[in-house]
Number of protein chains: 2
Amino acid sequence: MDERQLRILRELEALGSLRAVAEALHVTPSAVTQQLQALQRGVGVPLTERRGRTLGLTEAGSALAAAAVDVHVALARAREVARGATDRPRGEVSVSGFNSIALTLFPALVQRFGRGEPVAVRLFDEDVAQEAFPRLAGRYDLVLAHRLDHTPAWPGTVRVTALLHEPLDVALPPEHPLAAKRRLSPSDVADQPWISTHEGFPVVATVDAIAAAAGHPVDIVHRVNEFSVAAELVRAGCGVALVPRWTVPRPRGVVLRPLARIPARRHVDVLCRPEQLTRAAVRAVLAQLRVLADDLRERSEVGEADA
Amino acid sequence: MDERQLRILRELEALGSLRAVAEALHVTPSAVTQQLQALQRGVGVPLTERRGRTLGLTEAGSALAAAAVDVHVALARAREVARGATDRPRGEVSVSGFNSIALTLFPALVQRFGRGEPVAVRLFDEDVAQEAFPRLAGRYDLVLAHRLDHTPAWPGTVRVTALLHEPLDVALPPEHPLAAKRRLSPSDVADQPWISTHEGFPVVATVDAIAAAAGHPVDIVHRVNEFSVAAELVRAGCGVALVPRWTVPRPRGVVLRPLARIPARRHVDVLCRPEQLTRAAVRAVLAQLRVLADDLRERSEVGEADA
DNA sequence: GAAACAATTCAGTATCGCTACATTGAGTTG
DNA sequence: CAACTCAATGTAGCGATACTGAATTGTTTC
């Protein structure tokens with residue numbers, strides 16, 4: 001039972017297949033099998049079981065994976081102590097962000113934690129389907145992720161820090177008849193041509209909810225993940241779209257109207273593995289992200305009042 | 001930085017020499033040197049330094065050793081989880097005890113945790129000099145240890161559970177003139193021939209304190225570690241001795257008189273490495289030791305009242 | 001200054017974890 | 001239902017690594 005074997009166990013829990021574990025740890029599947037067997041030989045209890053053609057954890061395996069978290073946390077803290085970085089944060093922190101948030105937060109972040117600073121960020125844009133965000137936490141120290149209100153919460157394998165709880169508004173051309181209303185009901189918009197996102201990405205679920213509320217499917221004419229592109233299409237009169245209120249720069253020639261009766265908000269959260277929070281540098285970046293997100297919301301609310 | 005290297009670091013802190021670490025871990029000194037070098041290569045900071053001809057930890061080394069405790073605690077807990085022994089204590093627990101306490105507690109302990117029970121104790125008698133008790137915690141899960149009131153506290157490498165705070169009384173033959181007094185002052189006993197213990201063992205320090213209070217050295221005629229043997233010598237009229245009030249079976253033909261003005265008590269404690277406390281079996285034995293010790297004191301106080 | 005002891009260095013050896021390739025087994029597709 | 005695909009497991013061989021044992025350096029003691 002060593003650090004590596006316990007890491008394999010945790011990855012298997014997070015990723016759900018031996019092959020994925022092997023890729024995440026940059027080894028062959030054969031090596032993973034052998035290490036898992038060695039671990040099970042050591043404890044005498046079966047920790048894994050075949051589930052169809054993939055591999056899952058038994059109850060004992062899950063219990064051990066949970067206990068393994070503390071081992072990795074303790075080891076991370078020991079490394080932090082050894083580097084003498086407990087008091088004064090130092091080192092590199094990798095951060096991944098989805099499109100819209102990267103656009104707004106990354107520049108401010110790199111300004112504060114640029115190259116040469118004691119704490120330096122390495123930035124990556126990663127826009128993936130909602131259920132894929134937790135897996136990114138194995139590759140990056142901090143993961144900026146978003147999910148819609150009524151979707152399942154993030155899994156227990158990651159620690160969650162909430163940044164924003166951001167309303168999604170309906171974007172319309174100013175000359176659109178619906179633009180005259182202050183709030184739009186699901187039935188108002190259900191008959192409009194829609195610009196949604198790719199399957200599995202946020203917003204899709206809310207468009208589905210609108211269809212459910214109206215009692216009939218909606219007409220989705222385009223699927224565009226990039227909100228600023230979607231806004232341009234709205235301006236071009238292709239249809240209506242849902243766009244986040246704060247993180248997307250207000251596009252010219254488009255008006256936003258809140259949606260009534262349907263919970264149209266997304267959570268913008270930072271996901272990370274528990275052991276990352278032991279690093280002072282990671283905590284510093286996380287704190288700054290919260291500051292930036294708060295700024296963003298406040299600045300936007302003020303702008304709202306001006307409009 | 002793996003479990004073994006961190007263990008070496010902790011042992012070096014506890015034992016104070018590379019050779020002792022090697023013996024404790026059953027490897028050659030050469031292996032220890034190499035592992036320490038590998039560890040230092042990994043962290044980039046010197047963790048050890050020569051102190052005369054032995055090896056000590058630097059400040060960074062001590063810090064890392066402290067952090068290593070959490071790693072070993074987490075690993076011990078993981079092993080406990082893997083064995084499925086978190087709820088129902090199972091397994092063997094090794095216990096070492098010094099002479100007088102072994103005599104009184106071991107039989108009751110083995111009755112509760114005998115062979116075949118889910119929790120079984122392995123008992124060892126180890127009567128060592130006071131400063132050697134903490135080192136025993138590396139060899140045994142639980143160590144019954146004693147120290148006099150005014151001696152330095154146990155080092156931070158061990159967790160301490162107090163069992164008794166036991167008075168030391170002066171043992172006299174009944175016909176001795178001093179036996180008429182209810183309490184004895186240092187000057188009363190300073191001129192008596194003394195039966196003390198070997199150098200470094202408890203009681204010696206208290207006898208020294210008596211000499212200091214009287215202003216002149218006392219006459220130590222015998223040095224006997226075993227209290228029941230010392231009591232026999234007292235009965236034979238060889239001199240007076242200090243004996244613990246509760247843990248030593250009251251010897252026939254000897255009376256005990258409390259000592260005034262000098263703090264003549266010993267702590268009877270259980271020492272263990274922090275990671276041992278994660279094991280439910282160890283905690284069960286420890287709890288039983290506390291029960292037995294409380295019984296012992298109460299039973300003895302009652303007997304006191306009878307006499 | 002010699003002897004005793006602690007730590008280190010430097011071979012040589014055994015063990016262990018990895019890759020590469022072959023095989024088994026489960027799900028999918030024509 | 002055969003053919004295919006993909007996940008996981010077994011096996012042989014290679015390279016890294018942790019150990020032992022002997023020789024060496026440095027420190028304390030008599």
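By convention in this document, chain letters (A, B, ...) are assigned in the order of the sequence lines, proteins followed by strands, and residues within each chain are numbered from 1.
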### Task
At the 4.0 Å heavy-atom cut-off to chain A, mark where contacts on DNA chain C begin and end, going 5' to 3'.
dG17(C) to dG27(C)
### Query
Is the backbone N or O of Leu55(A) less than 3.5 Å from a side-chain atom of Thr48(A), with the two atoms forming a donor-acceptor pair by type?
no
Could you check how far [atom1] of [X] sits from [atom2] of [N], rounded to whole Å?
X	N	atom1	atom2	value
Leu39(B)	dA18(D)	CG	P	11 Å
Asp2(A)	dT17(D)	CG	P	14 Å
Leu55(A)	dG10(D)	CG	C1'	15 Å
Arg7(B)	dA18(D)	CZ	C1'	17 Å
Leu57(A)	dA8(D)	CG	C1'	15 Å

### Query
About how many Å separate CZ of Arg273(A) and NE2 of His72(A), when rounded to the nearest 0.5 Å?
9.5 Å
### Task
Working to the nearest 0.5 Å, report the span between SG of Cys272(B) and CG of Leu142(B).
5.5 Å
## Note on the structure
For nucleotides 19-30 of chain D, 5' to 3', base contacts (B), sugar-phosphate-only contacts (S) and non-contacts (-) with protein non-hydrogen atoms under 4.0 Å give BBB-----BB--
Can you see whether [X] engages [Y] through a side-chain donor-acceptor pair at a distance of less than 3.5 angstrom?
X	Y	value
Asp269(A)	His146(A)	no
Gln37(B)	Thr33(B)	no
Glu13(B)	Thr157(B)	no

### Query
Looking at Glu275(A) and Arg79(A), does any basic side-chain N land under 4.0 Å from a carboxylate oxygen?
no
### Message
Are more than 12 heavy atoms, taken from residues, nucleotides or ligands other than Arg283(B), located less than 6.0 Å from that residue's CZ atom?
### Response
yes
